[in-house]
Amino acid sequence: PTGSQIVFMSDRDGNYGIYAMDTDGTNLQVVTSAAVNGTFDGYNPAWSPDGAQIIFMSYRYANGGDLYVINTDGSSPTQIVGSPALEDYPAWRP
């Protein structure tokens with residue numbers, strides 16, 4: 001949101017997860033990862049407008065892809081949509 005950080009998905013630890021880092025490549029932070037959160041994977045992240053949370057899609061419960069929000073430090077993951085349909089490429093709206 002401020003232009004000084006990016007959020008992205010990667011399988012750098014062998015499982016897809018969400019990472020954040022400064023735009024200059026420093027301060028890499030794991031937000032979601034199977035290595036950190038058990039089975040918590042993450043795809044297609046998007047910052048909240050205030051930069052406090054990230055919305056993303058996960059196959060955690062094998063429902064077809066559910067939406068979650070999580071704090072940028074990786075705490076308090078919350079499922080916000082869970083259905084057999086695929087909810088993909090989430091985005092925040094005003």
Side-chain angles (χ1 to χ4, degrees):
T2 65
S4 64
Q5 290 186 308
I6 61 171
V7 63
F8 61 97
M9 65 182 207
S10 172
D11 66 348
R12 62 185 354 162
D13 68 2
N15 298 287
Y16 276 99
I18 296 173
Y19 298 81
M21 70 179 178
D22 293 345
T23 55
D24 66 2
T26 61
N27 298 317
L28 179 67
Q29 175 188 351
V30 178
V31 179
T32 70
S33 170
V36 174
N37 306 90
T39 61
F40 217 89
D41 57 349
Y43 303 87
N44 308 320
W47 291 110
S48 63
D50 65 1
Q53 293 182 307
I54 297 168
I55 190 170
F56 63 97
M57 189 269 291
S58 175
Y59 290 104
R60 184 175 193 178
Y61 297 110
N63 271 342
D66 299 325
L67 295 184
Y68 292 81
V69 293
I70 195 166
N71 294 331
T72 56
D73 65 3
S75 66
S76 301
T78 304
Q79 183 181 22
I80 59 171
V81 175
S83 75
L86 175 63
E87 291 88 24
D88 205 358
Y89 297 99
W92 295 88
R93 299 289 184 246

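Side chains are part of it too, since the values below use all heavy atoms of this structure and drop only hydrogens, waters and symmetry mates.
Using a 4.5 Å heavy-atom cutoff, the side chains of Asp66 and Val81 are not in contact. Annotation: side chain of Phe56 is not in contact with side chain of Val7 (no heavy-atom distance under 4.5 Å). Counting only heavy atoms from C-beta outward, the side chains of Ile70 and Gln53 never approach each other to under 4.5 Å. Counting only heavy atoms from C-beta outward, the side chains of Met21 and Asn27 never approach each other to under 4.5 Å.
Checked against Pro45 for a side-chain contact (heavy atoms from CB on, under 4.5 Å), the options Thr32, Ile54, Val31 give a single hit: Ile54.
Asp22 contributes no side-chain N or O that, together with a main-chain N or O of Asp24, makes up a donor-acceptor pair within less than 3.5 Å.
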Would you check, one step at a time, whether the test side-chain contact (heavy atoms from CB on, under 4.5 Å) holds for Leu28 with Arg12? CA-CA 12 Å; Leu28 179 67; Arg12 62 185 354 162; 3.2 Å; yes
Could you please spell out the steps behind the side-chain contact (heavy atoms from CB on, under 4.5 Å) verdict for Val69 and Gln79? CA-CA 7 Å; Val69 293; Gln79 183 181 22; over 6 Å; no
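Between Pro90 and Ala46, the closest heavy-atom pair is O-CB, 3.7 Å. Of all heavy-atom pairs spanning Gly74 and Gln29, the tightest one is N-NE2, 4.4 Å. Between Thr23 and Gln5, the shortest heavy-atom distance links the atoms CG2-N, 3.8 Å.
The CG atom of Asn44 sits 8.5 Å away from atom CD1 of Ile18, with the distance rounded to the nearest 0.5 Å. A distance of 9.5 Å separates CD1 in Ile55 from OG in Ser48, rounded to the nearest 0.5 Å.
For Ser76, the side-chain contact (heavy atoms from CB on, under 4.5 Å) partners are Asn71, not counting sequence neighbours.
Taking the six-membered ring where tryptophan is involved, the planes of Phe8 and Tyr19 are essentially parallel, since the angle between them stays under 30° and well short of 60°.
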